[in-house]
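Presented below is the structure to which this report refers.
In what follows, every chain begins at residue 1, and chains take the letters A, B, ... in the order their sequences are listed.
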Protein chains: 2
Amino acid sequence: MPLATIEHMSRPPAARDAVLDAFEQILVHDGERAATLDATARAAGVSKGGLLYHFASKDALIDGLIGRLDALVEHDVHAIETAPEGPIAYFVRSSVAMAHPLDRAVVATARLAQGGSAAAARAIRSARERWFEAIGRHVADPTVALAITLIGDGLYYDSALHGDDDELGVDAPRANEMDALVALLERLATAPPPTTPR
Amino acid sequence: MPLATIEHMSRPPAARDAVLDAFEQILVHDGERAATLDATARAAGVSKGGLLYHFASKDALIDGLIGRLDALVEHDVHAIETAPEGPIAYFVRSSVAMAHPLDRAVVATARLAQGGSAAAARAIRSARERWFEAIGRHVADPTVALAITLIGDGLYYDSALHGDDDELGVDAPRANEMDALVALLERLATAPPPTTPR
DNA sequence: GATACTATACCGGCTGGACGGTACAGTAAT
DNA sequence: ATTACTGTACCGTCCAGCCGGTATAGTATC
C-alpha cells in the first residue's frame, strides 16, 4: 500500500503486515499446525479480535499470504530476467537463500499447501510455472530448463525440511557445492544439445 | 512382519496394514490436517478402538508409517544398484511414479514432516541421504550426483503439490520430457567433468 | 468551535465443535 | 484361553469464528 494513500485514513493499519509476517514466520519455523490464529495474533503483538478485523477468516489470512507471494514472484521473475550474474545463477542461488522475503513466503505457502489448502497449492504451482517460463526464455533446450526448475524445486523442498529442527540447513548444499552446481547448469545451458537420436 | 511369525497367533492382524494404508492415503490425498485418527479408522474400515489397539497413539501411528518408509527405502536403494535400466534412469523415473508404494510413503511422510513431526522430517532426511549415497556410488562427479538428487527431490515436491486437486499430476513432466531428462542426466554422468577453471 | 455522528483500528472473552486419548464391556476367530 | 477386534461413552484441550465493547480520527452541521 503506497504511503500517499494513507494520509487521508484515520490510522495506518500497522497490524496487517505484522500479522502476515508473524503468520509466515510461524509457518516456516514451527509448521502448519502451529500457525493458529491465536499464535499468529500473539506473535504479531495484536489481539485475536484485531487479527480478525483485518482478515475475517483463516482462509482470508491464507489469501493474504498468497497475495504477498504472488507480488514477490512477479518481482522475482523480473529480477531473473535482469540479474547481472545471469538468470541461472540468480534463480538457483535464490532458491536456497532463506533470508529473502520471497523464500519465506514460498516455504510458508508450501506448508499450507501440504496441510491441505487447495488455494496455497494453486499459488505454488502458479509460481513454479512462471519460473519455468522465465528460465525457458533464457535457455534454448527445454530439457535443461526443466532440469533447472526441478533443481530449484528440490532446493526449496530441502529448505522446507530444515525448519523444524534447531539447526537450519544442516545438510544443505555448501557454498562451494552451489558454485559447482551453478557452473554445471550454466555449462549445460550454453552448450548446444548434442546430437540427439530420433 | 514375516508370515512365519503369524502362525502361532490366534488371528492375523488384518487391520494393521489397512490402517497404515488408509493413513497414507489420507495424508497424500487430503493433507495432514485431514489425517485424524477418526478419519483414518473410518477409511480403513476399522473402529477407532481397533486402530488404537494396534497403534496406541498418533505418534505410534506415525512411527508405523516411518517404519514402512524405512523398509521401502532400503529395498529401493538396493533396486537402484541393480536396476537393469541403470541407476539414474531408475531413480529419476521412480521419483515421479506415484503408483508405487514407496512414493506414497515418501509423500505421506513428507506431509507429516511439513506439519511439524520431527520424526517424519528425520526419516525423510535419512532417505534422502541414502539415495544421495547410492547415486554417488554410480556417478563420479559429486556435483552431478547432487544435481540428480535435487531433481529427484523436485519431482517429489511436485508430486506432493498435486494430491489435493482432482487431477493428479496435471502439469507433471510428460513421458517424453522424462525420457529427455534421463538422457540428459546420463550424458552428464558418463561425460568426464570438463576442464574446470580454478 | 462545539456537538453529533461515522469509520477505522483494535481488545478480549466466549462458544461450539473437532480431535487425541481413555475406558471398558462385548464378540468372534483360532 | 488368547488374540483381534467392535462399539460406545466420555474427558480435556485446542481452535476457528463470533460478538460486544473501546479508542481514536475524520466529517458534517449549526
**Report entry** B/D59 CG - C/dG21 P separation (whole Å)
**Finding:** 7 Å

Query raised in the report: How many Å lie between CG on B/L51 and C1' on C/dG20, as a whole number?
Result: 11 Å

Query raised in the report: Start at the 5' end of DNA chain C and walk down; is the nucleotide closest to A/G50 or to A/R33 reached first?
Result: A/G50

Requested in this report: Could you check how far CG of A/D30 sits from P of D/dC14, rounded to whole Å?
Outcome: 16 Å

Report task. To the nearest Å, give me how far apart CZ (A/R42) and C1' (C/dC11) are. Result -> 15 Å

Query raised in the report: When you measure from the side chain of A/R125 to the backbone N and O of A/A120, does any donor-acceptor pair fall under 3.5 Å?
Result: no

Query raised in the report: Between the side chain of A/R33 and the main-chain N/O of B/G115, is any donor-acceptor distance below 3.5 Å?
Result: no

Query - Whichever of A/G49 and A/A35 has its nearest DNA chain D nucleotide further upstream toward 5' - result: A/A35

Query raised in the report: Looking at the side chain of B/L37, which of C/dC10, D/dA16, C/dG20 is the nearest nucleotide?
Result: C/dG20

Requested in this report: Report yes or no: is there a donor-acceptor pair, N or O only, under 3.5 Å between the side chain of A/K48 and the base of D/dG17?
Outcome: yes

Query raised in the report: Rounded to the nearest 0.5 Å, how far does CD1 of B/I62 lie from CG of B/L69?
Result: 13.0 Å

Report summary line: Closest of C/dG20, D/dG17, C/dC10 to the A/Y53 side chain is C/dC10

Query - C/dA9 OP1/OP2 closer than 4.0 Å to side-chain N/O of A/H54 - result: no

Query - Check: A/Y156/A/D103 side-chain N/O donor and acceptor closer than 3.5 Å - result: yes

Query raised in the report: With a non-hydrogen cut-off below 4.0 angstrom, is B/L52 in contact with a base, only sugar-phosphate, or nothing?
Result: base

Query raised in the report: Should we say atom CD of A/E74 is surrounded by more than 12 heavy atoms from elsewhere, each under 6.0 Å from it?
Result: no

Query raised in the report: Nearest to the side chain of A/S57 - D/dG17, D/dC5, C/dC11?
Result: D/dG17

Report task. Return the value, rounded to whole Å, for the distance between atom CG of B/D38 and atom P of C/dG20. Result -> 7 Å

Requested in this report: Could you please name the option among D/dA16, D/dC5, D/dT6 that lies closest to any side-chain atom of B/A15?
Outcome: D/dC5

Report task. May I have the distance from B/K58 (atom NZ) to C/dA18 (atom P), rounded to whole angstrom? Result -> 15 Å

